[in-house]
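Everything below concerns the one structure shown next.
Please read these numbers as outputs of a predicted model, since none were measured by experiment. Naming: A, B, ... by sequence-line order, numbering from 1 per chain.
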There are 2 protein chains.
Amino acid sequence: MTQLDEARNSLWRLFLTVHTRLVEQVEQDLKQAGLPPFEWYDVLVALKQAPGRRLRLSELAEVLLVNRTNITRLADRLEKAGLIRREACVDDRRGAFAVLTKAGSAMQQKMWKVYSQSIAQYFGRYLTEADVAVFTRALSAMLAAVDNLESANDE
Amino acid sequence: MTQLDEARNSLWRLFLTVHTRLVEQVEQDLKQAGLPPFEWYDVLVALKQAPGRRLRLSELAEVLLVNRTNITRLADRLEKAGLIRREACVDDRRGAFAVLTKAGSAMQQKMWKVYSQSIAQYFGRYLTEADVAVFTRALSAMLAAVDNLESANDE
DNA sequence: CTGATATAATTACATTTGCAACTACTAGAG
DNA sequence: CTCTAGTAGTTGCAAATGTAATTATATCAG
């Protein structure tokens with residue numbers, strides 16, 4: 001094993017560690033502000049950006065990288081909290097839409113105020129413009145590769 | 001919000017996404033090889049590197065960023081699988097050591113063969129030497145900052 | 001049209017996690 | 001010594017997750 005391989009393996013560990021610690025911190029900030037976990041934020045933003053502020057549960061699952069089972073239950077929780085509602089799908093009667101409610105939209109904005117600050121404080125702050133370019137390129141390459149791999153497995 | 005902030009926020013999302021996808025892939029590779037989840041690997045390596053191939057459960061918890069409750073149960077699982085064993089601590093009779101067994105050591109090596117390949121394939125491969133330097137510096141800075149923050153909160 | 005196959009979402013069950021309470025022990029003030 | 005506070009590890013309970021099975025509907029070959 002070369003030295004560069006060693007450096008990469010250490011970096012992998014660092015990557016995992018930083019992820020864990022930053023997520024912990026962000027969650028803590030949200031909790032401290034009396035807000036839901038940031039997983040909910042992802043749902044709210046995804047719906048906000050979608051046409052008609054709605055997405056099929058299956059689409060939501062794909063965007064959030066959450067399996068179907070857990071999307072059902074995540075949607076249950078958000079629906080119970082009044083942030084989304086389910087609507088039947090006319091085209092495909094098996095399906096259901098998750099639709100952003102007014103309360104959900106308000107919650108998204110409220111969460112973003114806290115969340116964006118946390119991102120800046122723990123993450124953005126330590127990245128120069130050049131760093132952002134390097135990270136974005138490398139991480140995008142990794143993502144493209146695994147996504148590709150997965151679609152290849154489907155065949 | 002400036003453009004750079006936007007780039008950083010997108011990068012944060014990319015960071016989360018890549019983490020999720022890579023961890024999924026690595027876990028899948030291990031599973032496919034009939035091996036335990038990579039969380040177990042962390043335990044095995046931590047013990048392997050420790051003097052006497054043993055660590056107090058609390059030390060293990062700190063290294064692995066796992067809370068006390070979950071270390072107890074993670075140790076339960078590894079112990080049940082024969083990869084570690086608990087030993088009483090003479091100095092502090094409240095405490096317990098986790099000690100690496102021979103089977104645990106063998107498992108660590110077996111897992112590393114698969115795990116290191118996965119890291120290289122999904123992660124290391126996409127990083128030039130310069131990238132590694134940039135990542136390492138930036139992620140280390142983030143980690144130092146949150147660790148610092150935490151110790152400040154203890155006061 | 002009909003039957004076989006696939007898909008959307010949900011549900012059942014087992015496992016895992018997080019929080020709070022608990023037990024056993026240590027350490028420090030007086 | 002003894003009382004109090006703190007720490008190590010575990011346990012109980014509630015919530016969350018993953019896998020497999022289930023229900024209802026769609027699609028497609030013939």
Side-chain angles (χ1 to χ4, degrees), chain A residues 19-21 23-28 30-32 34 36-43 47 54-81 84-99 151 153-155, chain B residues 19-21 23-32 34-43 47 54-81 84-99 154-155:
Chain A
H19 176 269
T20 301
R21 297 288 282 111
V23 166
E24 270 176 14
Q25 276 299 326
V26 170
E27 289 287 18
Q28 194 180 306
L30 286 168
K31 196 171 204 172
Q32 209 141 25
F38 80 74
E39 192 184 20
W40 290 31
Y41 180 79
D42 294 345
V43 176
L47 294 180
R54 76 191 52 216
L55 284 173
R56 290 286 295 271
L57 288 184
S58 51
E59 296 173 311
L60 204 48
E62 205 177 338
V63 175
L64 303 185
L65 304 179
V66 170
N67 68 32
R68 294 259 170 100
T69 297
N70 290 333
I71 270 294
T72 293
R73 297 190 276 218
L74 180 56
D76 287 346
R77 297 193 282 271
L78 277 114
E79 191 169 31
K80 199 171 158 193
I84 67 169
R85 65 170 183 280
R86 278 179 169 85
E87 275 187 22
C89 176
V90 200
D91 302 353
D92 184 340
R93 284 170 29 189
R94 292 168 302 183
F97 284 105
V99 185
S151 62
N153 281 345
D154 289 345
E155 289 165 15
Chain B
H19 175 269
T20 301
R21 298 289 281 112
V23 166
E24 271 176 12
Q25 276 299 326
V26 171
E27 290 288 18
Q28 194 181 305
D29 290 354
L30 287 168
K31 196 170 205 175
Q32 209 142 26
L35 297 171
F38 80 73
E39 191 185 21
W40 288 32
Y41 180 81
D42 294 345
V43 176
L47 294 179
R54 75 191 53 216
L55 284 173
R56 291 287 294 271
L57 288 183
S58 51
E59 296 173 310
L60 204 48
E62 205 176 339
V63 174
L64 303 186
L65 304 179
V66 170
N67 69 32
R68 294 256 170 101
T69 296
N70 289 332
I71 270 294
T72 293
R73 296 192 275 217
L74 180 56
D76 288 346
R77 297 194 281 270
L78 276 114
E79 192 170 30
K80 199 170 157 194
I84 68 168
R85 65 171 182 279
R86 280 178 168 85
E87 274 186 24
C89 176
V90 201
D91 302 352
D92 183 342
R93 282 170 30 189
R94 292 168 302 184
F97 284 105
V99 186
D154 290 344
E155 286 163 16

Exercise. With a 3.5 Å cut-off and just heavy-atom distances, do the side chain of B:Arg73 and the base of C:dG18 make a donor-acceptor pair?
Worked result: yes

For this session: Figure out the CZ/C1' separation between B:Arg77 and C:dA14, and round it to whole Å.
Result: 13 Å

For this session: Working to the nearest 0.5 Å, report the span between CH2 of B:Trp40 and CG of B:Leu35.
Result: 11.0 Å

For this session: Would you tell me if any nitrogen or oxygen in the side chain of A:Thr72 comes within less than 4.0 Å of OP1 or OP2 on C:dT11?
Result: no

For this session: Check whether any side-chain N or O of A:Lys31 sits under 4.0 Å from OP1 or OP2 of C:dC19, and answer yes or no.
Result: yes

Exercise. How long is the line joining CD1 of B:Ile71 and P of C:dT16, in whole Å?
Worked result: 14 Å

Exercise. Are B:Leu60 and B:Val66 close enough that some pair of their side-chain heavy atoms sits under 4.5 Å apart?
Worked result: no

For this session: Whole angstrom is fine here: how far is it from CG in B:Asp92 over to P in D:dT7?
Result: 12 Å

Exercise. Side chain of B:Thr69, base of C:dT17: donor and acceptor closer than 3.5 Å?
Worked result: no

Seminar exercise, completed: note: B:Asp76, atom CG; C:dT16, atom P; distance rounded to Å ~ 11 Å

Exercise. Checking only heavy atoms, does the side chain of A:Arg93 share a donor-acceptor pair with the base of D:dT25 at less than 3.5 Å?
Worked result: no

For this session: Would you mind reading off the distance between A:Arg68 atom CZ and D:dT17 atom P, rounded to a whole angstrom?
Result: 18 Å

For this session: Would you kindly check whether a donor in the side chain of B:Arg94 faces an acceptor in the base of C:dT26, or vice versa, at under 3.5 angstrom?
Result: no

Problem set entry | Rounded distance in Å - CG (A:Leu64) to C1' (C:dA9) | 16 Å

Exercise. Is the shortest side-chain N/O distance from B:Asn67 to OP1 or OP2 of C:dG18 below 4.0 Å?
Worked result: yes

Seminar exercise, completed: Taking every heavy atom of B:Val90 against every heavy atom of B:Arg93, the minimum-distance pair comes out as O-CG, 4.1 Å

Exercise. Can you check whether A:Arg56 has a side-chain N or O nearer than 4.0 Å to OP1 or OP2 of C:dA9?
Worked result: yes

For this session: Rounded to the nearest angstrom, tell me the gap between atom CG in B:Leu57 and atom C1' in C:dA24.
Result: 15 Å

Exercise. Rounding to a whole Å, what distance do you find between B:Asp91:CG and C:dA27:C1'?
Worked result: 15 Å

For this session: Applying side chain to side chain contact (heavy atoms under 4.5 Å, CB included) between A:Leu74 and each of A:Asp42, A:Leu57, A:Ile84, A:Leu64, report the one that passes.
Result: A:Leu64

Seminar exercise, completed: Interatomic distance, CZ@B:Arg77 vs CG@B:Asn70, rounded to 0.5 Å, equals 7.5 Å

